[in-house]
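Below is one structure, written out as C-alpha cells; the observations come after it.
Numbers restart at 1 for each chain; the letters A, B, ... are given by sequence-line order, proteins then strands.
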There are 2 protein chains.
Amino acid sequence: MVKITDVARRAGVSPSTVSYVLSGKRTISAETRQRVEESIRELGYRPHAGARALASSRSNVLALVMPLRPGVHVPVQMQFAAAVATKARAHDHDVLLVTQEEGEEGLRRVANSALVDGLIVMDVQMQDARIPLLRALGLPSVLIGFPARADELTCIDLDFTATGERCVDHLAELGHRCVALLGSPPEVYARGTGFAQRTAAGFTSAARRRGMASTVVPVEPGRDAARRTVERLLREQPALSALVVHNEPALGALVEAFQRAGMAVPEELSVVAVCPDEVAENAAVPVSSVSIPAVEVGEGAVELLMAKLADRDVPDATLLPPRLTLRASTAPHRAPAKPRYAPAHARDGSECLTAP
Amino acid sequence: MVKITDVARRAGVSPSTVSYVLSGKRTISAETRQRVEESIRELGYRPHAGARALASSRSNVLALVMPLRPGVHVPVQMQFAAAVATKARAHDHDVLLVTQEEGEEGLRRVANSALVDGLIVMDVQMQDARIPLLRALGLPSVLIGFPARADELTCIDLDFTATGERCVDHLAELGHRCVALLGSPPEVYARGTGFAQRTAAGFTSAARRRGMASTVVPVEPGRDAARRTVERLLREQPALSALVVHNEPALGALVEAFQRAGMAVPEELSVVAVCPDEVAENAAVPVSSVSIPAVEVGEGAVELLMAKLADRDVPDATLLPPRLTLRASTAPHRAPAKPRYAPAHARDGSECLTAP
DNA sequence: GTGCGCTGTCGAAACGATTCGACACCGCGG
DNA sequence: CCGCGGTGTCGAATCGTTTCGACAGCGCAC
C-alpha cells in the first residue's frame, strides 16, 4: 500500500505538506502543489480511511437508516437511497447502510464507534423511540418526516398540509363544490402518523376556506374494504363530484371500484391522488397526482447534514412544496346527466356532508 | 469519548488485556474477563472504528455495489440489500453502499483507501469492465451473476440452466408436448447477458431430452410488441399448448395478450414464468413461477465473502436450485376443443416448430 | 540595519486501537 | 531445590494521517 510518506519522498517534501495539499487547509505554493499532485497521481495514492478518521476524527461517512422490510413504497425508497448516495459522493462522503431493524442499538453503535459523522433517518414516526436518543447522541442528524416534538432536530419532508390544500385548490378551480378525502387506514391515523393527519388538515381547511363541502374517510386495507367504502360514500353523498385519494396501496382498487360503481373517471368523478408517480401512471386511468419528491428529499437531507457538519446554521424544518402532475383523472365539474343512487329531486348538494 | 485505556484503568488491567478480552485472540482468566466486561458495560465503551481499522488493517465493513437506477426489478434488489445488510451484521460487519454509477473508480476508491474489507458486486454482466479490476484489486469479492470468464472469481446466482429445465419438466409432466420460451428482448441476448442465455439453453436441452417441440422467441420491449409477438406465435404454432416466460416487464402484457387472443389460461394455454413472486402474484391470472431467491443469494454472498475473509476455501461457482411455485396458470394438457387459427385437419402437431 | 508581518514548509506529537515478544507466576517432575 | 512448560498479563512498537507550533526566508517600512 502506498502511503503519504511515499508521496512526500517522491515530491521532495514532508508528509505534512502533502496533507495540506490534499486538504487545502494551508497555503501551498503553486510549484510545490503541482509536484505533490503529480506524485499522488503517479503513485495512485489514496489516504487510508482509518488513519484519516483516527487523526481527524472525521470518517467522511454518513449513516442512512432505512426500513428494508417492505412497507413504504419500495421504488420510492430506492430513489431516495440513490439520491442520498449520489449527493453524498458529491460532497466526498460515503454512505453506510443501517437497517431500521437494528433500532436504537444500531444508532448507538455507529455513532459511538465514530464509524459515521452524521445520520440520515428515514421513516420517522410521530412517536419515535429514536428521537430522544438522537438528541442525546451528539451527532448531527437529519430526519425524513416529522416527529411529534421536533425541536432541536432537523427535519425534511414533503409539505403534506400544502399538498392537501393544493389538491383541493385544483378541484375547486375545476368547479367542484363537494369533495372527499379517501385517506389511510384508521390505525394509521391512530398511530399518529404525521403525514396522514397533515394532509387531512390541509384538505379540510382549504375546503372550508373555499366554502366547499368536504369529508375525510379512512379506508381499511384490502380490495373489498376499498370497494365497500367507495360504494357507501357514493350512495351517501350523491352530490360528490371529486375525490382526493391519499392511500397508495388502495389507489388501484379504488379507481376500479369507481368504475364498477358506474362512475366514469373523470367525466362523472374527478380523482386526484397523493402517491408515487409510478403508481399514478399505472392505474386503470392515469391519475393526476402529487408525488413524493424522493430525489429532492434525499438530496435536501444530505445538503442539510453537510451544512450541519460544517457548523453552518440550518432551518429546523424544511417543507418541500407539492407539485401536482395533471393526468387523465381530473376534469371540469358538470352536473350529472343521469341520477346516481339518490332520487333526482334531492340533487341540490345538500346530500354532501361536511366533515365533523 | 471513552477509550480502551479508560476501560483498562477501571478494570485494573492493561489496555492490551482489554483488547484480548474483546478479540478472544489470547486466553484470559475468567475473573479478569469478567472484570473487564463489566467495565466495558458500565462505561458504554465501543472501540473507535478508525483506530481499530488502522491497527488491525480490517475495517469490518464490506461494500455493496448496487445499481440504484431503476432497471432490475426494484423490490427484488431491496430484498437482496436487506439480506446482505442483515447477514453482514450477524458477522459483525457493516455495509457501505456504493452505486453502480461510480463504476470502476468507485471500486478502486473503497478498496485502495482500505474503507472496506471486501466487495459484493451486483448485476454483473457477461462482459463486465469491472472484472479485470476486481482480479487486480486484491480484495476478496463475491459477484452476483456470472461473467463470461469467471475463473479466480467467486460467483453466486440462481441456477438459470436448471430453471429452464425445471419449467419444461413441469410442463412435460402435465402432458404438454409443444412449448415455447418467450425470452428477453433481442439486445439482451446480444449484450451477452448470461442468465438469459442459460435459461434458454436449459429450456432447449430439457425439451430435446423429453422429445418435445420447442422454440425460443425473444420479445421486444413494450406492450404492443408483446401483443404482436403472442399473436404471431399462436398463429404460426397452433399446436402450442404451454409457454415459459422469462421476461418480467412483459409478463403482465403477455398474459393479457393471451386472453385477448382468445386463449384461456390455463385451460387452453399453460404459462410458467421466471420472475419475482410479487410479479407472478399480481398478474391477471396468478402465474406459476420460478422466483429469484433474492434473500438466499444475498445471504449466500455474505457467507462466501466472510469465508474468504477468514481465509477459508470457497467454491468458485455457487448455483442456487430453482424453486417452482405452483399457481393458477398451469394445467394438464388437453386437446383443444375448437380450432384456433389453423384449419382443423392440420391439428397433428406438425405446426409446432422446433428451435433451430 | 533592524524589526515586523507574511508565506510556505517542516518536525513531532497526537489519534486509539492491535499485536508481538517478554516475563512473572504457578505447579510439577526430576 | 532447581528447572521446565504452560498460562495469563503487560509494555512498547506500530498502523497512516492530521494538525499545531516553530521557523526560515523574504520584502518592506521605519
Side-chain angles (χ1 to χ4, degrees), chain A residues 1-37 39-40 43-61 92 94 109-117 309, chain B residues 1-37 39-40 43-61 92 94 109-117 309:
Chain A
M1 180 184 189
V2 33
K3 41 196 183 187
I4 201 171
T5 51
D6 301 331
V7 176
R9 193 169 331 115
R10 188 177 229 283
V13 298
S14 80
S16 50
T17 302
V18 176
S19 177
Y20 286 123
V21 166
L22 248 22
S23 69
K25 293 191 179 174
R26 285 200 180 174
T27 52
I28 299 287
S29 69
E31 309 103 273
T32 306
R33 194 202 337 278
Q34 267 191 337
R35 248 182 314 134
V36 170
E37 281 168 351
S39 305
I40 290 179
L43 297 178
Y45 166 72
R46 316 251 181 189
H48 185 289
R52 176 189 282 242
L54 179 57
S56 66
S57 43
R58 276 296 179 88
S59 65
N60 274 32
V61 174
D92 195 32
D94 270 286
R109 184 172 57 80
V110 296
N112 291 341
S113 65
L115 199 47
V116 303
D117 298 334
L309 285 173
Chain B
M1 180 184 187
V2 32
K3 39 196 185 186
I4 201 171
T5 51
D6 300 331
V7 175
R9 193 168 333 113
R10 188 177 228 283
V13 299
S14 80
S16 51
T17 301
V18 176
S19 177
Y20 285 123
V21 167
L22 248 23
S23 70
K25 293 192 179 173
R26 284 200 180 173
T27 52
I28 298 287
S29 68
E31 309 102 274
T32 307
R33 195 202 335 279
Q34 267 190 337
R35 247 181 317 133
V36 170
E37 281 168 351
S39 304
I40 290 179
L43 297 178
Y45 166 72
R46 316 249 181 190
H48 186 289
R52 175 189 281 240
L54 178 56
S56 66
S57 43
R58 277 296 178 86
S59 66
N60 275 31
V61 174
D92 196 31
D94 270 287
R109 183 172 57 80
V110 295
N112 292 342
S113 64
L115 240 186
V116 303
D117 298 334
L309 286 174

Using 0.5 Å steps for rounding, measure from the [atom1] atom of [X] to the [atom2] atom of [Y].
{"X": "Leu115(B)", "Y": "Arg52(A)", "atom1": "CG", "atom2": "CZ", "result": "10.0 Å"}
{"X": "Arg33(A)", "Y": "Thr17(A)", "atom1": "CZ", "atom2": "OG1", "result": "12.0 Å"}
{"X": "Ile4(A)", "Y": "Ser14(A)", "atom1": "CD1", "atom2": "OG", "result": "8.5 Å"}
{"X": "Asn60(B)", "Y": "Asp94(B)", "atom1": "CG", "atom2": "CG", "result": "8.5 Å"}

**Request:** With a 4.0 Å heavy-atom cut-off, tell me which residues in residues 47-60 of chain B come close to DNA chain D, sorted by residue number.
**Result:** Leu54(B), Ala55(B)
Spacing of [X] atom [atom1] relative to [N] atom [atom2], expressed in whole Å:
{"X": "Ile4(A)", "N": "dG11(C)", "atom1": "CD1", "atom2": "C1'", "value": "14 Å"}
{"X": "Leu115(B)", "N": "dG16(D)", "atom1": "CG", "atom2": "C1'", "value": "14 Å"}
{"X": "Ile28(B)", "N": "dT7(D)", "atom1": "CD1", "atom2": "C1'", "value": "10 Å"}
{"X": "Gln34(A)", "N": "dG8(C)", "atom1": "CD", "atom2": "P", "value": "14 Å"}
{"X": "Leu22(A)", "N": "dT19(D)", "atom1": "CG", "atom2": "P", "value": "12 Å"}
{"X": "Glu31(B)", "N": "dC26(C)", "atom1": "CD", "atom2": "C1'", "value": "14 Å"}
{"X": "Tyr45(B)", "N": "dA17(C)", "atom1": "OH", "atom2": "C1'", "value": "6 Å"}
{"X": "Arg46(A)", "N": "dT17(D)", "atom1": "CZ", "atom2": "P", "value": "13 Å"}

**Request:** State which of dG8(D), dA17(C), dT9(D) makes the closest approach to the side chain of Lys3(B).
**Result:** dA17(C)
**Message:** Using a distance-only criterion (donor-acceptor N/O pair, under 3.5 Å, no hydrogens), is the base of dT9(D) paired with the side chain of Arg26(B)?
**Reply:** yes
**Complete:** In numerical order, the residues of residues 6-20 of chain B whose heavy atoms come under 4.0 Å of DNA chain C are Ser16(B), Ser19(B), Tyr20(B)
Of the non-hydrogen atoms in [X] and [Y], which two are nearest, and what is the gap between them?
{"X": "Leu54(A)", "Y": "His48(B)", "answer": "CA-CE1, 4.1 Å"}
{"X": "Ser59(B)", "Y": "Asp117(B)", "answer": "N-OD1, 2.8 Å"}
{"X": "Val2(B)", "Y": "Tyr45(B)", "answer": "O-CD1, 3.4 Å"}

**Prompt:** OP1, OP2 of dT19(C) versus side-chain N and O of Lys25(B): anything below 4.0 Å?
**Reply:** yes
**Asked** Are Asp6(A) and Arg9(A) close enough for a salt bridge, meaning some N to O gap below 4.0 Å?
**Response** yes
**Asked** Is Arg35(B) reaching over with its side chain to a backbone N or O of Val13(B), donor-acceptor style, under 3.5 angstrom?
**Response** no
